[in-house]
Structures are given as C-alpha cells and as structure tokens.
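Just so it is clear, the values below take in all heavy atoms, side chains as well, and ignore hydrogens, waters and symmetry mates. Predicted, not measured: the structure shown is a model, and the values here were computed from it. Residue numbering restarts at 1 for every chain, and letters A, B, ... go by the order of the sequence lines.
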Amino acid sequence: MPHAAGRVPSFLFMTVTRSLDAAEGSSSYNPDAIEQKWQARWEEQGTNFPDLDQGPRPFYQLMMFPYPSAEGLHIGNLYAFTGNDIHGRFQRLRGHTVFEPMGFDAFGIHSENFALKVGVNPMDLIPKNIANFRRQLRRAGLMLDWRHELSTTDPSYYKWTQWVFLQLLKRGLAYKKRAAVNWCPVDKTVLANEQVIAGHCERCGSPVEQRFLEQWFFRISEYAQRLLDNLDVIDWSESTKTAQRNWIGQSEGAEGRFEIRDSNLAITVFTTRADTIFGATYMVLAPEHPLVPSLTTAQQQEEVRAYVERTTHQDLVTRKVATDREKTGVFTGSYAVNPATGKDIPIWIADYVLMEYGTGAIMAVPGHDDRDFEFATKFGLPIVRVVAGEGEDARTPLDRPYTDNEAGRLVNSGPFDGMPVREGKKAIVQWLAERGDAKPVVNYRLHDWCISRQRYWGPPIPVIYCEKCGVQGVPEEDLPVLLPRIEDFRPDDSGVSPLARHQEWYHVRCPKCGGDARRETDVSDTFLDSAWYFLRYPSTEFEDRPFDSGRTRRWMPVDTYIGGNEHAVLHLLYTRFVTMVLHDMGHLEFEEPFKRFRAHGHIIREGAKMSKTKGNVVNPDRYIDEWGADTFRTYLMFIGPYEEGGDFRDASVSGVKRFLDRLWASALESRTDGTPDESVMRKLHQTIKKVGDDIPRLSYNTAIAAMMEYMNVLRAGERRPHRAEVEPLVRIVSPFAPHIAEELWERFGHRQGVFDSGWPEYDAARIEEDTIDLVVQVNGKVRGKVRVRRDILQDDALTAAMAEPNIAKFIGGPPKKVVFVPGRLLNVVV
RNA sequence: GCGAAAGUGGCGGAAUUGGUAGACGCGCGGGACUUAGGAUCCCGUGGGGAAACCCGUCCGGGUUCGAGUCCCGGCUUUCGCACCA
C-alpha cells in the first residue's frame with residue numbers, strides 16, 4: 001500500500017499542530033482535557049455543593065426545570081440554564097452561598113404520548129432520558145448542586161405533591177364538578193386543547209367532540225384579587241406581569257336581574273355597560289345555562305333541543321375560536337322584562353355566550369356591542385341607539401355598533417338622557433340597585449384550575465370514594481398513593497383513566513369505616529408537580545416532611561428565578577397560588593415564591609425557528625465537541641440580549657473561540673517582572689465595573705463585548721501583557737467560561753478555586769481620565785472635538801473650540817447661544 | 001380584533017438619564033509571517049464624493065440648541081390571548 005502522507009489534507013495537519021500548541025500553551029488551547037479535568041474536580045471536591053445550613057449570605061438561584069425528553073437537552077434549555085448559571089456564579093463571586101439546584105419535570109402527557117408511540121413504559125423510559133440529560137448538563141459546566149436533584153416522578157417527590165392536594169382539599173379549595181373535555185372518538189381519549197387542531201384530533205385527524213366528566217378543580221379564582229394586587233410589589237419582568245394581569249382579567253361592572261314575563265323566575269346577567277341598559281332589546285343564555293329547560297316553550301322545544309345538542313357536542317377549541325364564525329342561535333319562546341324600560345324582550349340561546357364567564361347570560365345591546373349587533377342583524381332583532389357620539393343624536397341611524405365607552409352621551413334613556421357614559425354607568429347601577437335589580441360586581445376571566453387528567457402518567461389524586469362515607473382524602477400517613485406499574489396504559493373508550501382497569505389498585509378499604517371503597521383514578525396535572533418543586537429542592541433529604549422549616553426560612557423565597565415567558569401565565573400563576581394557600585395554612589411564612597423573576601428570550605437559527613421538520617435543530621453535544629463548553633456558553637450569551645434571545649449562526653462562534661484563545665495566550669505569556677501599563681490598567685478597571693454592572697442586569701452580551709474590547713487593548717501591538725493586567729480578567733470571565741478560568745487561575749499558582757476568589761474591586765478614581773475629547777457641535781452638528789481637561793468650564797471650552805480652525809470656520813459670527821454639558825459636549829448656536 | 005415587544009450597516013447586535021449613531025463579533029478588503037493557510041498578527045470597512053463636505057437609525061409630521069431615544073399619525077414583523085358581555 002502506497003504511503004498516504006502526501007495526500008493528507010492540510011487541515012488535518014493543522015489540527016495536530018494546534019493540539020501540540022495547546023500542550024505547550026501557545027496560541028490556541030484545547031478545551032477537552034481542561035473541561036473534563038475541572039468537571040471531575042468540582043465533583044470530587046464538592047465545589048458546587050454549598051452548605052445549606054451554615055454558608056453565609058444564602059442566595060437561591062433557580063431556573064425552570066426541564067422536561068427530560070427522549071431527544072435530549074434542547075439548545076433552548078441550555079441557553080436558559082447558562083444565563084442562569086452565570087448569574088449564580090457571579091453571586092457566588094460576590095460572596096454569597098449560592099444554591100443552584102436541578103430537577104426534572106417528568107410526568108405528563110408529553111412523556112406518555114411518546115411512550116405510547118415507541119411502546120415502552122414511561123417508568124423505563126424516563127430514567128434513561130434523565131441520565132442523558134444529566135450527562136449533557138454536566139458537560140455544560142453548570143454550577144449545579146446534584147445532591148439536591150429531584151424528579152417529579154419519584155414517589156418520594158410525588159408523595160408531597162399529593163400532600164399539597166390534601167392541603168387544598170382540607171382548606172375547601174379543591175372540589176369536584178362536571179366539566180367539558182375534548183374527546184377523540186377514534187383514539188378514544190381525552191385531548192388537551194393544544195392537541196386539537198382546527199377541531200380535529202392532532203393524531204388521527206377525526207373531528208373532536210365535547211364530553212362532560214366529573215373533574216377536580218382548585219379554587220384559584222378565589223385568589224384572583226390577591227394574585228393581581230401582589231403583582232404591584234414583586235420584581236418581575238414587566239411583560240410577565242402584564243400577561244398575568246390580562247389573564248386574571250379583572251373587570252368592574254354590575255350584575256342585573258331581569259324578571260321573566262308570566263313567571264317567578266329571573267335571569268341574572270353581568271355587564272360592564274350598565275349605561276346601555278335602555279338599549280337591551282333581547283337576552284341571550286349560554287346553551288348550558290340551567291334555566292334553558294324551564295324557559296323553553298312547548299313550540300320551541302324541538303328546535304332548542306337540537307341546537308343545544310349540536311353546540312355542546314362541538315369541541316371546545318372550535319367553539320371558542322371566534323374568527324369568521326357566523327353567529328348561531330335559537331329563540332326560547334319566552335320573554336323577560338327590561339327593568340329600565342319595562343318592555344318585554346325575547347330570550348334567545350346562543351353559543352357566543354359562554355357559561356364559564358360572568359353568569360352565563362347577557363343582556364344584549366346590539367346598538368353598542370359588535371357581537372350583539374351581528375346577532376341582531378342576522379335574526380332581525382330590534383337595534384336601539386342609547387349612546388350618541390360627537391355630532392350624533394338619538395335619531396342618528398346605526399349602520400354599525402357604536403362601542404366607544406368613554407366618549408358619548410346617553411340618549412333614549414329616560415331620565416338619564418344627556419349624561420356622559422361614565423357617569424351614566426354609576427347612576428344607572430345605583431338607580432337599579434335601589435329597586436333591588438342590580439349590584440356592582442367585579443368579575444375575573446380567571447377560571448378555576450382543572451387539575452384532573454384521565455391519564456396514566458401522573459401522580460394519582462389521593463382520594464377514596466366510599467359508598468357510606470363519601471369522598472375521603474387519603475390519610476397523610478398513607479401517602480404516597482403509588483402509581484402502579486401497568487403495561488397497558490393506553491387510554492380507552494370509558495373516558496376514565498387506565499388506572500381504573502387495575503383492579504387490585506382500584507378497590508380499597510375506606511380509611512374511615514373500613515368498608516368497600518374505590519380510588520380516584522384521575523391523576524393530577526403536571527402543573528401541580530411544578531407548582532411547588534422549588535420548595536422541595538433545599539429539603540430533598542427529608543423523607544418525613546415536604547420541606548423543612550429551618551431550610552425554608554433560610555433559603556426562601558427564591559432570590560432569582562429565570563425561565564421562559566411561555567410559562568408567564570399558567571406555571572407562574574399556579575406557583576403563586578399554591579404558595580399563598582400554604583402561607584394561609586401556616587406552612588410558609590411568605591406568600592410570594594419568587595422575589596425576582598426574569599424571562600429569557602428564545603434562540604432562533606439563521607433567521608428561522610428551529611424545528612425537527614426543518615432539520616435545523618442545534619444539538620448541543622455536537623457544538624461542545626467541536627468548540628468546547630466554555631466557547632459554546634460564551635457564544636450563546638454573546639448572540640444577543642439574554643431577555644430577548646437571538647439568532648444562532650454557526651459562522652459566528654469562531655469569534656468567541658478566538659477571544660478565549662487570546663485569553664489563554666495572554667495568561668500564559670504574561671510577565672511578572674516590571675510594572676503594568678497605566679492606561680491598560682485604567683481600561684481594566686473600566687471593564688471590571690462594566691461587567692459587574694451588566695451581569696445583574698442580565699446584559700451578558702455587552703459584558704462579553706466589554707471584555708473583548710479589553711482584550712484588544714491588552715494585546716494591542718503584540719505587547720506582552722503583565723500578570724496584573726490578566727488576573728482580574730480571568731476572574732470576571734469565569735462566570736461565562738468557568739473551566740478555562742479555573743485552569744488559568746490554578747496555573748497562576750492559586751490554591752483556592754477561582755470561584756472562591758471573590759469579585760475584583762475596581763478603583764473608581766482610576767477609571768476617569770484627566771483629559772477628555774470634548775465634542776463640539778455647531779448648530780447641533782458635530783464639527784470636531786478638542787482635547788481638554790475633564791473639569792473644564794464653559795468659557796474655557798469655548799475658547800479652546802474657537803482655537804480649532806476646523807471648528808471656527810463654521811462659527812463665523814458671535815454665538816447666539818451656547819449649550820455646555822460638562823465633561824461631554826459643547827454646542828454653539830449661531 | 002385585543003394585549004405586549006420590536007423595526008439601526010452585507011449579518012448578529014451596541015448606544016443606563018435626549019448629547020460623537022454603528023461598540024463588540026461575524027463577513028468582506030488590504031498587508032505581515034509563510035512551502036502552504038480555513039492558523040496567527042496588523043490595518044481598513046454605513047452610503048455618496050478626489051476632497052471640502054453631504055446624506056443616513058421603518059415612513060410622515062412635531063417638540064428641542066440637539067432626537068435611534070420624547071410626542072402625534074401610519075406601516076411592518078414577532079409573541080401571547082382569542083365571542084370574557
């Protein structure tokens with residue numbers, strides 16, 4: 001065989017050279033060995049395992065825990081975690097004892113569906129996925145305290161999830177009621193809303209129906225006002241707070257009573273537009289409204305029955321999506337009395353009125369509401385104007401509804417004619433209230449939280465039904481209610497959880513009377529698992545309590561919580577709710593779980609969203625193999641503002657690698673003889689300040705840019721840097737690139753790790769220069785700059801500026817006005 | 001439709017309070033060292049112009065000595081909610 005050496009491409013050659021270079025410590029470093037070395041050492045020495053009982057200045061740095069998918073760690077997870085880790089490492093350098101735990105949110109329909117697809121029991125699948133996640137997280141160099149790892153699927157964890165349920169049950173905040181679910185008649189299973197695509201099952205494509213099942217709910221709506229009010233006092237991203245406010249959806253209005261003609265019944269409605277009551281020309285009930293049967297007259301019986309049948313069978317998603325949906329409805333045959341006008345108005349049924357909001361019934365004012373207008377037009381119902389805008393009066397025809405509820409005055413409204421809308425609202429409610437027909441009411445969009453899932457892969461809801469004793473919470477000493485291993489966990493036609501098929505598990509003795517009883521077969525929502533996990537982390541070693549009071553007092557509430565804004569509403573609202581309930585029951589001393597919350601942005605790839613179908617998903621393993629974890633971490637943070645996300649471009653990674661190579665070279669080449677350069681040191685102090693200011697603001701991209709800028713100064717003109725110019729840089733870069741920092745720190749001869757070295761102080765006096773470039777403008781346009789003393793006064797600055805011919809030529813005559821910003825700028829107006 | 005955020009070079013993005021627009025990085029151009037360069041280092045790089053200068057932060061107005069930043073009107077994009085009375 002001929003010798004192949006001559007045909008070896010040069011880049012292979014290059015690789016060899018590069019790794020030799022690394023061994024000798026010259027221009028480029030080899031991350032592999034260094035990263036493995038330090039990951040192993042951190043573990044051996046417990047570097048990242050803080051003493052939770054003794055350490056000074058505890059700081060709880062929490063990130064949203066991942067769902068351990070079979071595909072492994074997603075770049076989005078790593079982006080989130082790295083940003084979190086940098087903040088945590090920084091706090092540690094600032095002298096805090098930092099607790100940065102990690103766990104796995106492994107229950108839920110996601111895992112279950114995947115398990116069904118590949119035909120493996122999730123009990124076998126999840127541990128493998130978790131092991132893979134652990135491996136990947138380790139490689140990323142996160143400062144995680146693995147001693148406090150948790151998984152929501154572990155009985156020692158969900159025992160306490162069940163305990164949380166029992167607390168709510170005890171408190172009267174958990175209750176059962178019949179509620180609609182999406183049902184796929186072909187797959188014979190309950191579907192989550194996001195599994196319904198345009199009214200069809202995501203998996204088999206068949207039309208989805210609505211079914212009614214008994215389900216468990218938590219009364220979160222009772223906490224609506226408190227959840228809303230506390231938003232004013234917590235330090236959270238504004239966008240997140242706004243999303244929560246909108247979700248809670250407080251609206252102030254009134255409830256009004258409308259009596260039924262020739263009957264002793266009455267309909268209660270909720271309205272925010274009591275001012276328009278004179279224009280209420282008909283009423284509408286939701287199809288599920290309990291009064292529907294009693295209000296339907298004999299002739300209308302058939303039509304109403306058919307309509308109710310049809311609408312209630314539609315799936316929840318289609319029914320709620322309003323776009324392009326034509327209004328439908330049916331007349332009940334009955335009439336109500338408008339309490340303002342005394343006139344009879346017809347009562348209709350229509351699915352544009354929702355049973356879940358307000359009272360499930362409305363007074364329809366077609367003149368001043370888009371939906372009512374559309375409905376009235378279609379069914380030929382009367383439309384009356386009761387508000388007139390500017391230039392309009394009572395007779396101005398309404399070719400479209402007038403919905404402005406600020407401007408305008410009341411018309412056709414009896415004694416209230418001429419009143420501005422705002423005043424009219426109050427006056428009319430008061431007028432009706434005096435007659436017992438109305439009262440002011442605050443309503444919320446927030447609905448109670450349905451926690452039942454007719455599925456297998458979740459914590460069984462700890463409830464027992466006894467024929468004699470009724471609904472019983474499982475006694476706390478009998479927890480956990482173990483999820484039995486069953487091989488056939490496929491959902492079936494019965495609409496109940498697969499657990500019902502497990503006879504030995506299903507039949508149980510009543511904890512009260514010892515008689516025959518059966519278990520609740522629904523499992524709880526994954527959002528319940530994640531609603532309290534942060535309470536568990538510091539207390540994972542305690543088997544006999546969900547969270548230890550000493551640990552909790554020491555570590556909670558969480559100092560900084562970081563996560564995606566996709567959880568702005570549900571997860572973050574549920575954690576707040578559960579925390580409030582546990583506080584009210586005396587289990588916790590605080591009622592808000594997270595002092596500070598920041599939402600990170602999302603990474604896209606080359607301008608497009610990452611998706612499996614497009615095949616542009618970034619696999620973190622590949623990048624860490626190629627560039628090393630330090631480069632990868634730093635690059636992720638350099639892409640863009642952490643809270644906004646950014647665009648991952650393969651080509652750009654090299655810039656960051658080059659920066660770390662230059663750091664490596666500067667450190668190894670640095671001299672200890674002689675003195676450091678004055679102006680380099682000034683830049684260093686500026687950089688320490690900048691990076692220290694940027695990290696707490698999560699402005700990681702600008703912090704990195706500042707360090708790169710310093711690197712350019714440090715190495716300008718191929719100078720050989722002084723050790724004192726490099727050491728502090730190694731410390732401030734360490735949160736971003738922890739392995740290389742540890743390695744260099746050790747090579748500098750320090751025995752203690754870099755993360756215990758503290759954050760370098762900057763010398764404020766050293767940052768400012770004595771002379772500055774003062775910008776000179778003429779009529780607001782920059783015409784030049786002059787080198788002057790920092791503390792120069794206006795007159796001297798003007799003199800200096802006039803002395804520059806390039807500036808003086810624009811000034812010509814005497815200045816009309818001079819604007820002077822000390823230390824910055826001089827603007828001469830002529 | 002409602003709500004939130006954002007529109008800046010060829011690209012990702014800087015510009016804490018109105019005060020040098022384009023930091024930093026990618027890419028690109030030139031050079032040095034080289035048998036070689038997809039390594040390293042140096043210089044340059046918003047557009048127009050030989051230059052003096054002029055023009056430039058989505059579009060149109062406005063406030064101001066001065067506007068990417070503030071105000072009014074519009075357009076576009078992304079995300080969230082979606083018949084909430």
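Between Y623(A) and Y635(A), the ring centre distance reaches or exceeds 6.0 Å.
Applying the side chain to side chain donor-acceptor pair (under 3.5 Å) test to pairs two or more places apart or on separate chains, those with a residue in residues 276-287 of chain A are Y282(A)-Y352(A).
Note on D372(A): nothing from the nucleic acid sits closer than 4.0 angstrom, heavy atoms only. In this structure, V821(A) reaches the bases: a heavy-atom distance under 4.0 Å links it to at least one base atom across the strands shown. As judged by a 4.0 angstrom heavy-atom cut-off over every strand, K809(A) is placed among residues touching the sugar-phosphate backbone only. Among the protein residues, R605(A) comes within range of no part of the nucleic acid, since none of its heavy atoms lies under 4.0 Å from any strand. Residue N827(A) is classed as a base contact, given a heavy-atom separation below 4.0 Å to a base. Counting any heavy atom pair closer than 4.0 Å across all strands shown, I639(A) reaches sugar-phosphate atoms only and no base atom. The residue K609(A) sits close only to the backbone: its heavy atoms come under 4.0 Å of sugar-phosphate atoms, none of a base. A243(A) comes within 4.0 angstrom of nothing in the nucleic acid, heavy atoms only. When heavy atoms are screened at a 4.0 angstrom cut-off, F375(A) is found touching no nucleic acid atom at all. Heavy atoms of R649(A) sit under 4.0 angstrom from primed sugar atoms or phosphate atoms, though from no base atom.
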Report task. Would you please test N565(A) and S239(A) for side-chain hydrogen bond (donor to acceptor under 3.5 Å, both in side chains) and show each step? Result -> CA-CA 8 Å; N565(A) 230 353; S239(A) 61; 3.3 Å; yes
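In this structure, the CD atom of E804(A) is 19 Å from the P atom of U20(B), given to the nearest Å. Whole-Å rounding puts the L354(A) CG to C81(B) C1' distance at 14 Å. One can place CE of M355(A) at 16 Å from P of C83(B), the figure rounded to the nearest angstrom. The CG atom of L572(A) sits 16 Å away from the P atom of G80(B) (whole-angstrom rounding). One interatomic measurement links the two molecules: NZ of K781(A) to P of G19(B), which rounds to 19 Å at whole-angstrom precision.
When distances are taken from the side chain of T242(A) to each of C53(B), G3(B), C81(B), the shortest belongs to G3(B).
The same atom, P, is picked in G31(B) and in C79(B); the two are 46 Å apart, to the nearest Å. When the P atom is used for both G18(B) and C70(B), the distance is 9 Å, rounded to whole Å.
Taking only side-chain nitrogens and oxygens, S251(A) comes nearer than 4.0 Å to OP1 or OP2 of A85(B). Taking 4.0 angstrom as the limit, K817(A) places a side-chain polar atom (N or O) nearer than this to OP1 or OP2 of C65(B). A close approach under 4.0 Å does occur between a side-chain nitrogen or oxygen of R658(A) and OP1 or OP2 of U40(B). Under 4.0 angstrom from either OP1 or OP2 of C54(B) there lies at least one side-chain N or O belonging to R783(A).
The base of C83(B) sits with one of its N or O atoms less than 3.5 Å from a complementary donor or acceptor on the side chain of K327(A). Within 3.5 Å, a donor on the side chain of Q777(A) pairs with an acceptor on the base of G19(B), or the reverse.
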